[in-house]
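Values in this document were obtained by computation on a predicted structure and should not be read as measured data. By convention in this document, chain letters (A, B, ...) are assigned in the order of the sequence lines, proteins followed by strands, and residues within each chain are numbered from 1.
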There are 4 protein chains.
Amino acid sequence: MSPRTDTQNEKIRLERKQQIMNVALKVIADNGFSNASISRIAKEAGISKGLMYNYFESKEDLVINIMLEGFNQLTNSFDPNHDGVLTEEELHFFIDQSFQTVEQNIPFWRMYFMVLLQPDVYSIITPQLEKILTPFYKTAINYFASQGYDDPVTEVRFFAAIMDGVGLHYIMDPENFPMEGVKTKIHQLFKCK
Amino acid sequence: MSPRTDTQNEKIRLERKQQIMNVALKVIADNGFSNASISRIAKEAGISKGLMYNYFESKEDLVINIMLEGFNQLTNSFDPNHDGVLTEEELHFFIDQSFQTVEQNIPFWRMYFMVLLQPDVYSIITPQLEKILTPFYKTAINYFASQGYDDPVTEVRFFAAIMDGVGLHYIMDPENFPMEGVKTKIHQLFKCK
Amino acid sequence: MSPRTDTQNEKIRLERKQQIMNVALKVIADNGFSNASISRIAKEAGISKGLMYNYFESKEDLVINIMLEGFNQLTNSFDPNHDGVLTEEELHFFIDQSFQTVEQNIPFWRMYFMVLLQPDVYSIITPQLEKILTPFYKTAINYFASQGYDDPVTEVRFFAAIMDGVGLHYIMDPENFPMEGVKTKIHQLFKCK
Amino acid sequence: MSPRTDTQNEKIRLERKQQIMNVALKVIADNGFSNASISRIAKEAGISKGLMYNYFESKEDLVINIMLEGFNQLTNSFDPNHDGVLTEEELHFFIDQSFQTVEQNIPFWRMYFMVLLQPDVYSIITPQLEKILTPFYKTAINYFASQGYDDPVTEVRFFAAIMDGVGLHYIMDPENFPMEGVKTKIHQLFKCK
DNA sequence: CATGAATGAGTGTTCATTCAT
DNA sequence: GATGAATGAACACTCATTCAT
């Protein structure tokens with residue numbers, strides 16, 4: 001009987017890691033950042049406290065991993081063909097995709113906003129986050145410039161602010177927030193002139 | 001007959017209370033909610049830990065006081081004549097006032113967003129906050145209804161989301177956020193049809 | 001207009017002191033020793049914390065004063081003519097008086113038993129308490145000796161233990177404890193042979 | 001497969017728990033209830049403060065555990081064959097056993113009396129204590145009824161008060177209290193008529 | 001005489017992290 | 001790899017006591 005191959009081990013490791021991250025995300029989103037202790041997460045995940053440190057160097061490291069993984073999911077719906085050029089269609093697709101992601105993953109976005117405001121954690125992810133976001137930002141500026149906007153930077157900033165504002169209000173009150181109506185308004189707002 | 005007169009004591013208390021609130025606000029905004037310990041706030045304020053509890057019943061009580069005081073400042077710029085009726089002028093005045101308040105009081109608004117996402121704290125202020133916000137909300141709905149919007153509730157929700165989104169992005173990056181340009185865009189967006 | 005005479009001042013002082021002791025006794029008996037803070041006692045007595053220290057050197061000093069004052073009340077019903085000789089009548093009178101005192105002053109006796117078990121406080125009052133109790137003890141031994149008991153010391157100790165045991169059970173459950181029946185049994189128990 | 005086996009862990013836990021309870025009992029009995037801080041107990045037990053909470057949920061929980069364990073030791077000497085019926089022999093056996101327990105475990109009984117008078121703690125153990133004591137009480141009433149006493153309830157109350165009074169006086173002064181003589185007197189007192 | 005603002009050491013409790021097994 | 005006993009620094013909060021007024 002042969003021992004597990006390295007590849008098998010690697011696979012098990014990754015799955016375990018993913019499972020921990022999912023549980024941690026839920027616990028953090030539900031209880032707030034500082035009420036989500038390692039103990040609690042470990043217990044919820046059905047593993048020992050000690051094992052957590054086999055997968056993540058620290059609580060911060062765990063959070064960073066969750067954040068980055070979440071963003072990687074989002075990036076795929078923006079400029080899907082990865083040509084650095086955004087069409088109007090792709091922008092509107094991105095809007096829909098974004099809110100669908102939010103609706104399907106409230107805990108992650110709760111945590112996203114928490115982390116945005118948590119200076120110590122934020123300062124750690126910020127470099128890695130920027131590496132992910134900069135190309136998006138550039139692509140978006142190019143798009144608005146090509147649409148003939150006077151001040152495409154302002155336009156992008158405004159767009160991002162609206163998306164975050166709506167996301168924030170949605171997760172604060174998912175039951176009542178009129179997401180469909182608001183989505184429509186955003187589509188109108190960024191319709192080609 | 002007391003050694004310090006009641007008036008003297010009253011003055012000392014008010015000043016100290018305000019001083020603690022100011023320091024606490026800064027410490028919380030700079031370090032995040034859970035890193036802002038009572039010890040730290042007290043040290044920063046140059047007083048003993050114990051004295052904090054002479055002025056605030058608990059850390060929660062301190063936060064609530066800071067929040068409510070901040071909101072009281074904002075409320076005066078919305079429907080300034082308090083007739084429950086909003087004119088278009090007043091709405092635009094409110095927009096300007098809001099962002100001016102944000103620009104002048106970044107720490108408070110950092111803290112505001114932190115608290116929004118802190119489930120345990122939020123649940124405490126929520127009742128008092130709602131008491132303040134409900135009339136605004138109603139006034140705003142009436143305004144949009146009177147402007148002939150099909151779905152004034154959605155409109156108000158969208159408006160609030162935009163305001164919060166812009167505020168959030170501003171406090172995340174006050175140096176670079178193009179507040180003036182964005183403000184102009186918002187004014188255009190809510191111009192009378 | 002003349003200032004208050006020294007005697008008047010002394011009288012006021014004593015009354016105030018007594019009032020504080022009464023309040024403190026009640027607060028301690030109701031809330032337990034460590035839950036009875038100086039703040040609480042002062043507030044209940046309607047005076048300032050600082051003033052407490054004008055009348056009592058410390059919290060311990062306050063407790064000692066209460067205890068000793070309580071004992072002084074009890075001593076008067078034992079060997080009432082102070083001749084160092086106890087008659088059978090006087091003993092039975094003492095029994096009745098003791099339980100009457102307990103029934104009329106539950107808080108004091110709650111505190112008495114608390115203090116008995118509080119090593120730090122007990123070790124402070126113990127010398128003063130002994131000074132009060134020793135003559136009683138001697139008188140009692142003489143009494144039982146004169147009644148022809150083989151071992152009068154054991155008899156006194158047993159008597160004291162019974163008195164305290166009954167007192168303790170009474171204050172633990174004053175509503176239901178059958179004090180009258182028990183009193184009768186004690187009287188029978190120490191009837192002249 | 002775990003590094004320490006479950007049995008090993010179980011053993012460690014039980015021993016540690018017992019060790020903490022023993023130390024805590026001694027510290028509380030020696031220093032009084034409120035002077036026995038968790039810090040002090042932990043230091044005396046040679047472990048960290050934090051570890052205390054690995055074994056007991058709170059200070060209260062620790063106290064309850066100590067109390068209940070102590071009572072379980074006592075209960076076995078009352079109505080030893082557990083038939084709910086007490087013979088005269090069994091009663092006298094219980095008396096002897098009780099005092100032997102007291103003599104061998106002075107700290108526990110010091111603590112027992114402390115707790116009786118500590119309103120906050122007492123109210124917590126009271127339900128569990130009553131569950132243990134009620135059957136004893138009933139058995140004792142039946143016994144005295146069957147012995148032809150007019151008022152068996154008063155008799156039981158008196159008996160319990162005497163036992164507690166003697167116990168209290170013994171632990172207050174174990175060196176000098178004439179336990180043997182007193183024990184004899186109690187046996188005589190409750191001899192079959 | 002009288003006040004209460006102020007202190008600081010203390011409390012019970014939590015928790016990220018380590019490490020022997 | 002996997003466990004959970006163990007640590008120690010931190011936390012929110014309390015309180016006897018002091019002292020300027």
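Across all strands shown, E/dC15 pairs with F/dG8; the Watson-Crick or G-U wobble distances both stay below 3.5 Å. Base pairing analysis places E/dA20 opposite F/dT3; the two distances defining the Watson-Crick or G-U wobble pair are each below 3.5 Å.
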Please determine whether salt bridge (Lys or Arg N to Asp or Glu O under 4.0 Å) holds for the pair D/Glu15 and D/Lys11, giving the CA-CA distance in whole Å, both sets of side-chain angles, and the decisive distance to 0.1 Å.
CA-CA 6 Å; D/Glu15 284 172 7; D/Lys11 193 167 158 260; 3.6 Å; yes

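OP1 or OP2 of E/dA6 has at least one side-chain nitrogen or oxygen of B/Tyr55 nearer than 4.0 Å. Listed pair B/Asn54 / E/dA5 meets the phosphate criterion, a side-chain N or O lying under 4.0 Å from OP1 or OP2. The side chain of D/Tyr53 places no N or O atom within less than 4.0 Å of a non-bridging phosphate oxygen (OP1 or OP2) of E/dT14. Close to F/dC11, at under 4.0 Å from its OP1 or OP2, lies a side-chain N or O of B/Ser37. Between D/Arg13 and F/dG4 there is no side-chain polar atom (N or O) within less than 4.0 angstrom of OP1 or OP2.
Within the 3.5 Å criterion, the main-chain N or O of C/Ala45 finds a donor-acceptor partner in the side chain of C/Gln19.
DNA chain F is contacted by both C/Ser58 and B/Ser39; B/Ser39 maps to the nucleotide lying nearer its 5′ end (nearest heavy atom per residue). Taking the nucleotide of DNA chain F with the nearest heavy atom to each of A/Ile47 and C/Ile38, the more 5' of the two is matched to A/Ile47. Both A/Ala36 and C/Ser48 sit near DNA chain E, but only C/Ser48 has its closest nucleotide nearer the 5' end.
Atoms CG (A/Asn35) and C1' (F/dA12) sit 13 Å apart, rounded to a whole Å. B/Asn31 has its CG atom 15 Å from the P atom of F/dA10, to the nearest Å. At whole-Å resolution of the value, CD1 in B/Ile12 and C1' in E/dT3 are 11 Å apart. One interatomic measurement links the two molecules: CG of C/Asp61 to P of F/dA16, which rounds to 14 Å at whole-angstrom precision. Rounded to an integer number of Å, the gap from A/Asp120 CG to E/dA16 C1' is 14 Å. Computed from coordinates, the C/Ile20 CD1 to E/dA2 P distance equals 10 Å when rounded to whole Å. Rounded to whole angstrom, the span from the CE atom of C/Met52 across to the P atom of F/dT17 amounts to 10 Å.
With contacts defined as side-chain heavy-atom distances shorter than 4.5 Å, the pair D/Ile38/D/Tyr53 qualifies. In this structure the side chain of A/Ile47 reaches within 4.5 angstrom of the side chain of A/Arg16, judged on heavy atoms.
Annotation for A/Gln18: atom CD counts as buried by contact number, over 12 foreign heavy atoms lying within 6.0 Å.
Between the side chain of C/Lys43 and the base of E/dG4 there is no donor-acceptor pair of N/O atoms closer than 3.5 Å. Contact of D/Lys59 with E/dT13 (side chain to base): no donor-acceptor pair of N or O atoms is detected under 3.5 Å.
The residue B/Arg40 sits apart from the nucleic acid: no heavy atom pair falls under 4.0 Å. Within 4.0 Å (heavy atoms only), D/Phe56 reaches no atom of the nucleic acid at all. Within the 4.0 angstrom heavy-atom criterion, only backbone atoms of the sugar-phosphate kind lie near A/Arg16; the bases stay farther away. Nucleic acid contact for B/Ser34: none, since no nucleic acid atom lies under 4.0 Å from a heavy atom of the residue. Base contact: B/Leu51 has a heavy atom under 4.0 Å from a base atom.
The side chain of C/Lys49 has E/dG4 as its nearest neighbour among E/dG4, F/dC13, F/dA6.
The two residues D/Met114 and D/Ile28 come nearest to each other via the heavy atoms CE-O, 3.5 Å.
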